[in-house]
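Whatever order the structure lists them in is the order used to number ligands and atoms, beginning at 1.
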Amino acid sequence: MNKSIKTIGATVIGLAVAGAVVYAAGVEYDLNRPARMESAMAPEGTVEAQIARGKYVAFAADCAACHTSKGGGAPFAGGYSLETPFGTILSSNITSDKETGIGNWSLEQFDRAVRHGKGSHGYLYPAMPYTAYASMSDGDIRDLWAYVKTIAPVSHPVVENQLPFPYNQRWLLGGWNALFFHAQPFKADDTKSVEYNRGAYLVEGAGHCAACHTGKNFLGGDSSAFLQGGSLSGWYAPDLTPNPHVGLGTWSIDDIVGYLQTGSNEKTVSSGPMTEAIENSTQHLNPSDLRAIAVFLKGQKPSPSVPPSTLSADDESMQLGKRVFESQCIACHASNGTGVRRMIPALAGNAAVNSNDPASLLQVVLKGEEAPMTAGNPTAAGMPRFDWKLSDDEIASVLTYVRNSWGNGAPAVSAKSVATVRASEGAKAWLGK
Ligand code: HEC
Ligand code: HEC
Ligand code: HEC
């Protein structure tokens, strides 16, 4: 009896050790494997032309936004902090500094990081969107490298991995990649137009729109509901399928182009992480590429969500909400929620307002929001903060009212969720207490 338990114990330990050795060998092999390249990477045209194309790819992929620390850090010198459900990750220094940046790298090493998720310390965390960049073309990667190499060296050491145990163990990402990373070159859909396929290439690859607009499972992998809405660090990135209630169903191609170019259109004004994406990335894209993105989005199958039934106007929370709206919001957003064209978003028929998850609305009402600043729309209004002015109950009620008036319909917002966001997002306390 005792002996057989011992034997079983020894076998289990033996198997575990053997498993760990095989796993470690596999990871080691994977890390040292040469990168996949489908075609020769011989440069096209002059070096200047290549660098200019690479700069455009860097805009499309928004590299600078993540690789520049907030508050005036040197461009591409890293240190931008990304909050994930697992902890904080800082972005790397990708200037050509030889010690603290990637000045000693080759094109192959660069490709291995950007399209394969393997950097100087081993596996990269998917906060660096290599899962999307994997479908970028060889030509784009080659041009991008030509541009990145020209970035002046900045000495700035960064310790990327700030995660708590066990998430700080990079080798675990070998398992994560096996589950969620399917590195595939971009495949055009022959049944669709050239324009649609250009849009698909930009959205799925460089644009990494799914990084925010697709929901994540509990391990941070993409859910199967592609572009049907996702949460990120306290914000909600809405459904981008043509769903008429919570998605882009009522947006025209021009509405989408205008929004990505200027941060505002006839329907809405961008806020939060999308304003950053517009300012740093999409406003710099050619109108033809923005159009291609819009054609691709409008060509998706609408998500299946159905609008919830609206709350009745004599619901207690609706009545309080109406009073708050009429005293605090009406001057800007107008009594019927129509806003002011391209300056103050309409709240009526606004997909973001109708989204199931009110996270972004809570951010904006509690802390206010600066309007986007783009070349196409350099001056715009801002939304004042109401954290100090309104109680949790008043904010919950006014949002419930806005989400259930003028044809809108969405779940009520609770005072408890206002209190939670107020605390977790560093909003001020209500002064009326
Ligand atoms: C959403 C934010 C984000 C975007 C966009 C992004 N990166 Fe990163 N990148 C990161 C983070 C975070 C890390 C560090 C990850 C880690 O250490 O595991 C990183 C790491 C890297 C590394 C590895 C450096 C090293 O020493 O290992 C390279 C190279 C890199 N990024 C290049 C790029 C390029 C080029 C682009 C644009 C095509 C880009 N990144 C866009 C967040 C981003
Ligand atoms: C860093 C995260 C992030 C990335 C990357 C991102 N978005 Fe967004 N997006 C958001 C958030 C958050 C909102 C909600 C902003 C708001 O409510 O004003 C949003 C809003 C939008 C809207 C407006 C939707 C509506 O109903 O009001 C459109 C259109 C959009 N994004 C398109 C895109 C496209 C196309 C891409 C890729 C090129 C992209 N986004 C990449 C976070 C992101
Ligand atoms: C001084 C004018 C002004 C007042 C007053 C005001 N807003 Fe706003 N609101 C704005 C502007 C401008 C924006 C766009 C901000 C941005 O995204 O850059 C905005 C954005 C919003 C959004 C986000 C819409 C979206 O598409 O994501 C909501 C929700 C909102 N306001 C609700 C309210 C509520 C509720 C009140 C009253 C408690 C209120 N606002 C008062 C100007 C105002």
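Short contacts between ligand 3 and Val364, defined as distances under 4.0 Å to a heavy atom of the residue, involve ligand atoms 20 (C), 21 (C), 22 (C). Close contacts between ligand 3 and Ser270 involve ligand atoms 16 (C), 17 (O), 18 (O) [criterion: under 4.0 Å to a heavy atom]. Atom numbering of ligand 3 starts at 1 in the shown order; those under 4.0 Å from a heavy atom of Pro372 are 18 (O). Of all atoms in ligand 1, numbered sequentially from 1 with element shown, those under 4.0 Å from a heavy atom of Ala113 are 29 (C). Those atoms of ligand 3 that come under 4.0 Å of a heavy atom in Glu370, given as number and element, are 18 (O). The distance from ligand 2 to the heavy atoms of Leu232 drops below 4.0 Å at these ligand atoms: 2 (C). Of all atoms in ligand 3, numbered sequentially from 1 with element shown, those under 4.0 Å from a heavy atom of Met343 are 12 (C).
Asn177 and Tyr130 share a side-chain donor-acceptor pair at under 3.5 Å. Side chains of Asp239 and Thr241: a donor on one and an acceptor on the other come within 3.5 Å. With hydrogens and angles left out, the side-chain atoms of Thr338 and Asn336 include a donor and acceptor closer than 3.5 Å.
Ligand 2 has no atom lying under 4.0 Å from any heavy atom of Ala277. Under a 4.0 angstrom heavy-atom cut-off, Met136 registers as lying outside contact with ligand 1. Heavy-atom separations between Ala58 and ligand 1 are all 4.0 Å or longer. Heavy-atom distances between Leu240 and ligand 2 reach below 4.0 Å in at least one pair. Residue Ser360 places every heavy atom at 4.0 Å or more from ligand 3. Within the 4.0 Å heavy-atom cutoff, Ala371 counts among the residues contacting ligand 3. Heavy-atom distances between Val57 and ligand 1 stay at or above 4.0 Å for every pair. Not a single heavy atom of Gly339 sits less than 4.0 Å from an atom of ligand 3.
For atom 43 (C) of ligand 3, the candidate residues are Cys332, Gly337, Pro358, Gly321; the nearest heavy-atom contact is made by Cys332. For atom 18 (O) of ligand 2, the nearest non-hydrogen atom from the set Ser281, Gly230, Cys212, Ser271 comes from Ser271. Nearest-residue assignment for atom 42 (C) of ligand 2 (options Gly247, Ser233, Ala237, Gly249; heavy-atom criterion): Ala237. Closest heavy-atom approach to atom 24 (C) of ligand 3 within the set Gly382, Ser355, Pro384, Pro345: this belongs to Pro345. Scanning Tyr236, Phe296, Trp251 for the heavy atom closest to atom 25 (C) of ligand 2 points to Trp251. If you check each of Lys389, Met383, Arg403 against atom 33 (C) of ligand 3, the one with the closest non-hydrogen atom is Met383.
Heavy atoms of other residues, nucleotides or ligands lying less than 6.0 angstrom from CD of Glu83 number more than 12. Atom NZ of Lys192 has more than 12 heavy atoms from other residues, nucleotides or ligands within 6.0 Å. The local environment of OH in Tyr167 is sparse, with at most 12 non-hydrogen atoms from other residues, nucleotides or ligands closer than 6.0 Å. Within a 6.0 Å radius of NZ in Lys298, other residues, nucleotides and ligands contribute more than 12 heavy atoms.
The backbone N or O of Met373 sits less than 3.5 Å from a side-chain atom of Glu279, completing a donor-acceptor pair.
Scanning the protein heavy atoms around atom 34 (C) of ligand 2, the nearest turns out to be Cys209 SG, 3.5 Å. Among all protein heavy atoms, the one lying closest to atom 10 (C) of ligand 1 is Met128 CB, 3.4 Å. Of the protein's non-hydrogen atoms, the one nearest atom 12 (C) of ligand 1 is Leu82 CD1, 3.6 Å. Of the protein's non-hydrogen atoms, Ala351 CB, 3.5 Å is the one closest to atom 26 (O) of ligand 2. When hydrogens are left out, the protein atom nearest atom 1 (C) of ligand 1 is Cys66 SG, 2.7 Å; that is the closest non-hydrogen contact. When hydrogens are left out, the protein atom nearest atom 38 (C) of ligand 1 is Cys63 SG, 2.6 Å; that is the closest non-hydrogen contact. Here the heavy atom of the protein found nearest to atom 17 (O) of ligand 1 is Arg170 NH2, 2.9 Å. Looking only at protein heavy atoms, the nearest one to atom 37 (C) of ligand 3 is Cys329 SG, 1.8 Å. Protein heavy atom at the shortest distance from atom 22 (C) of ligand 2 is Tyr259 CE2, 3.3 Å. With hydrogens left out, the protein atom closest to atom 5 (C) of ligand 3 is Gln328 O, 3.3 Å, a heavy atom. Shortest contact from atom 27 (O) of ligand 1 to any protein heavy atom: Ser120 N, 2.7 Å. Of the protein's heavy atoms, Ser92 OG, 3.5 Å lies nearest to atom 14 (C) of ligand 1. For atom 41 (C) of ligand 1, the nearest non-hydrogen atom of the protein is Tyr133 OH, 3.2 Å.
With 2.8 Å as the limit, His333 counts as an N, O or S neighbour of atom 8 (Fe) of ligand 3. In summary, an N, O or S atom of Met274 is located under 2.8 Å from atom 8 (Fe) of ligand 2.
The minimum distance between atom 8 (Fe) of ligand 1 and any N, O or S atom of His67 involves atom NE2. Closest N/O/S atom of His213 to atom 8 (Fe) of ligand 2: NE2.
At a threshold of 4.0 Å, the pair Asp315-Lys322 does not count as salt-bridged, since none of the basic side-chain nitrogens sits closer than that to a carboxylate oxygen. By the 4.0 Å N-to-carboxylate-O rule, Asp289 lies close enough to Arg198 to be salt-bridged with it.
Between Tyr125 and ligand 1, at least one pair of N/O atoms sits closer than 3.5 Å. Distances between N or O atoms of Trp105 and those of ligand 1 include no value under 3.5 Å.
Of the heavy atoms in Asn350, only side-chain atoms (C-beta onward) come closer than 4.0 Å to ligand 3. Contacts with ligand 3 closer than 4.0 Å are made by side-chain heavy atoms of Leu347 only, the backbone lying farther away. When heavy-atom distances to ligand 1 are checked against a 4.0 Å cut-off, Leu144 comes that close only through its side chain, counted from C-beta outward. In Val269, the parts holding a heavy atom less than 4.0 Å from any atom of ligand 3 are both the side chain and the backbone. With a heavy-atom cut-off of 4.0 Å, Asp62 touches ligand 1 through its backbone alone. Only the side chain of Phe386 comes within 4.0 Å of ligand 3, counting heavy atoms alone; its backbone N, CA, C and O stay farther away.
Closest of all the heavy-atom pairs between Val158 and Asn93 is CG2-N, 4.4 Å. Across every non-hydrogen atom of Thr95 and Val154, the tightest pair is OG1-N, 3.1 Å. Heavy atoms only, all atoms of each residue included: Ala352 and Pro238 are closest at CB-CG, 4.2 Å. Of all the heavy atoms in Glu394 and Lys389, the pair that sits closest is OE1-O, 4.3 Å.
Ring pair Phe86/Trp176: centre-to-centre distance not below 6.0 Å.
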